[in-house]
Amino acid sequence: MPSLPGFRDFYPADCALRNTVFAAWRSTAQRYGFVEYDGPPLEELELYTKKSGEEIVGQLYHFVDKGERAVAMRSEMTPTLARMVAAQHRDYKKPIKWFSIPQVFRYERMQRGRLREHYQFNCDLIGEASLEADVELIALCIDTLRAFGLNEKDFVIRLSDRQFWVDFLKSKQVPEEKWYEVFQAIDKSERQPREKTTELLGALAEEVLNILEHGAASERLDIVENGLKARGLGDYVKRDFTVVRGLAYYTGVVFEAFDRSGEFRAIAGGGRYDNLLNNLGGVDLPALGFGMGDVVLTELLKQKGLLKPSTASIQAFVVIPDEAFRAEAAGVLQTLREAGIAADMPLSPAKMGKQFQSAEERGATHAIVVDAEIKNGKVAVKTLADRKQDVVELASLVAVLRS
RNA sequence: GCGGCCGUAGCUCAAUGGUAGAGCUCCAGAUUGUGGUUCUGGCUGUUGCGGGUUCGAGUCCCGUCGGUCGCCCCA
């Protein structure tokens, strides 16, 4: 029986890759002073409908539980974060810098880079209105990708200013209920023929297209760009007003990370959402954050050859030439393990050749041969790489392996 | 929700409408106290599933399920 559509099995090799990704995420976030949190994978359905409206339900894994509660598997972390922060934000000094690596779920058609579940690295910075916070967060996003060995030739952060567009639409007296359509048109302008965009934008077309092509003044973006330059990360960003992000709740600087070749979907995306905590939890705190999924990132890293399958291996393999010494061999094995040395031995009788082959295949650096010499407190230690073998005192075995 | 392409052994794939195969992996032996090579042997299939056409279907047709790529949507 296969796994459900859009859900992955993680065999050991896949799990090793996933752990590599998680480790880089964690260490980078921690370098930036972010601390890890987590929440439940199942939430009340209402937590999501309150934020995104009823339309979102069609994209959620949701059901009624045995207590007749309408529940949904988390599709993103932000509502959970908002709930948690709203409940206990007084217990934490501001700014709050939190990260999480939740597995999130969405019920939708699969396509490249989009499954029905993925792990999403989420970093959020709450309670800081200064644009230096935006710089901090974007720098973290950049350094996270750099931690994998990617550089400015591999990816770029496209920077935009949602507030700029809001101001623009207000100045044109565009009614608020029309904003969504305009954002849609801007978002799609890259992928659609120009005529289509012009049609969608109507009277605004000429001016909007001019901004998309030639840019516009944004003090916010100036500050953010200068802040990143000050950190030596200026080459990683490019101003791009086509980035608006689908979500309604963004209020300021927004950004998306893309591979330079344009072959993959967005690697990461985020921005400032100063009103969301108020709308969701009734707590008036400015906030911003980004999310980075493991699927697109892993595809990109594999293509660049930056994710090498790490072979989890043992250090020592205990060889049992004669089953008469199995008990003694087990004792040696236990000694090694208690000393913190990853070790194994054959669990059923096997020929010497097979045992050494097993040792090789398991990635062991040393084979420990337990034979009649064990009665004299001695074992043979063979270095598999150069095939040299020495007899050592059992008492010094651990020290030999550690050297 | 819509469309293109694809479903054959655990994996990668062959097979003009005419007896379902190869390579790799795995297991064992050659090799009775010392390993990566080599050689030999062995295992695995309702050809995704269900109908239909045909003397005969892996092959053609319809449906369905799954995969994949795109559209819609979007964190």
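First the proteins, then the strands, lettered A, B, ... as listed; each starts at 1.
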Between the base of [N] and the side chain of [X], is there any donor-acceptor pair under 3.5 Å?
X: A:Asp322; N: B:rG33; value: no
X: A:Arg114; N: B:rC74; value: yes
X: A:Gln389; N: B:rU34; value: yes

Assigned partner base of [N], Watson-Crick or wobble definition, under 3.5 Å:
N: B:rA9; value: none
N: B:rU19; value: none
N: B:rG70; value: B:rC2
N: B:rU64; value: B:rG48
N: B:rU31; value: none
N: B:rU59; value: none

Let me know the distance between [atom1] of [X] and [atom2] of [N], rounded to the nearest Å.
X: A:His118; N: B:rA75; atom1: NE2; atom2: P; value: 12 Å
X: A:Asp371; N: B:rU34; atom1: CG; atom2: P; value: 12 Å
X: A:Tyr11; N: B:rG10; atom1: OH; atom2: C1'; value: 9 Å
X: A:Gln357; N: B:rC27; atom1: CD; atom2: C1'; value: 12 Å
X: A:Glu361; N: B:rG36; atom1: CD; atom2: C1'; value: 8 Å
X: A:Glu108; N: B:rC74; atom1: CD; atom2: P; value: 11 Å
X: A:His366; N: B:rU34; atom1: NE2; atom2: C1'; value: 16 Å
X: A:Leu288; N: B:rA75; atom1: CG; atom2: P; value: 17 Å

From the set [options], return the single nucleotide nearest to any side-chain atom of [X].
X: A:Arg106; options: B:rA75, B:rU32, B:rC72; value: B:rA75
X: A:Val369; options: B:rG33, B:rA30, B:rC73; value: B:rG33
X: A:Arg109; options: B:rG67, B:rC74, B:rG70; value: B:rG70
X: A:Tyr180; options: B:rU32, B:rC73, B:rU68; value: B:rC73
X: A:Arg112; options: B:rC69, B:rC73, B:rA75; value: B:rC69
X: A:Arg387; options: B:rU34, B:rU68, B:rG36; value: B:rG36

Distance-only side-chain donor-acceptor flag, [X] / [Y], under 3.5 Å:
X: A:Gln334; Y: A:Glu338; result: yes
X: A:Arg83; Y: A:Gln88; result: no
X: A:Glu263; Y: A:Gln303; result: yes

Starting at [atom1] of [X], measure out to [atom2] of [Y] and round the result to the nearest 0.5 Å.
X: A:Glu373; Y: A:Phe325; atom1: CD; atom2: CZ; answer: 9.5 Å
X: A:Asp161; Y: A:Asp134; atom1: CG; atom2: CG; answer: 9.5 Å
X: A:Leu201; Y: A:Ile186; atom1: CG; atom2: CD1; answer: 6.5 Å

Side-chain heavy-atom pair A:Asp322, A:Asp371 within 4.5 angstrom cut-off: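 No, too far: nothing below the 4.5 Å cut-off.
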Touch class at under 4.0 angstrom, heavy-atom based, for A:Gly353 against every strand present: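 Contact class for A:Gly353: sugar-phosphate only.
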Under-4.0 Å side-chain N/O to phosphate OP1/OP2 contact, A:Lys354 with B:rC27: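 Answer no for this pair, as no side-chain N or O of A:Lys354 is under 4.0 Å from OP1 or OP2.
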Phosphate contact (B:rC74 OP1 or OP2) by A:Gln184 side-chain N/O below 4.0 Å: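 Checking A:Gln184 against B:rC74: at least one side-chain N or O falls below 4.0 Å of OP1 or OP2.
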Contact nearer the 5' end of RNA chain B, comparing A:Gln120 with A:Gln111: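 It is A:Gln111, whose closest nucleotide lies nearer the 5' terminus.
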Rounding to the closest angstrom, what is the interatomic distance between [N] and [M] at atom [atom1]?
N: B:rG21; M: B:rU44; atom1: C1'; result: 14 Å
N: B:rG18; M: B:rC61; atom1: P; result: 16 Å
N: B:rG56; M: B:rG51; atom1: P; result: 16 Å

Positions of residues 374-385 of chain A (non-hydrogen atom under 4.0 Å from RNA chain B), listed by number: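 Residues of residues 374-385 of chain A under 4.0 Å from RNA chain B: A:Lys382, A:Leu384.
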A:Phe168 and A:Trp165 aromatic ring geometry - parallel, tilted or perpendicular at 30°/60° bounds: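 The arrangement is perpendicular - the two ring planes meet at more than 60°.
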Ring center gap for A:Phe22 and A:Tyr119 short of 6.0 angstrom: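 Yes: the rings meet the under 6.0 Å criterion.
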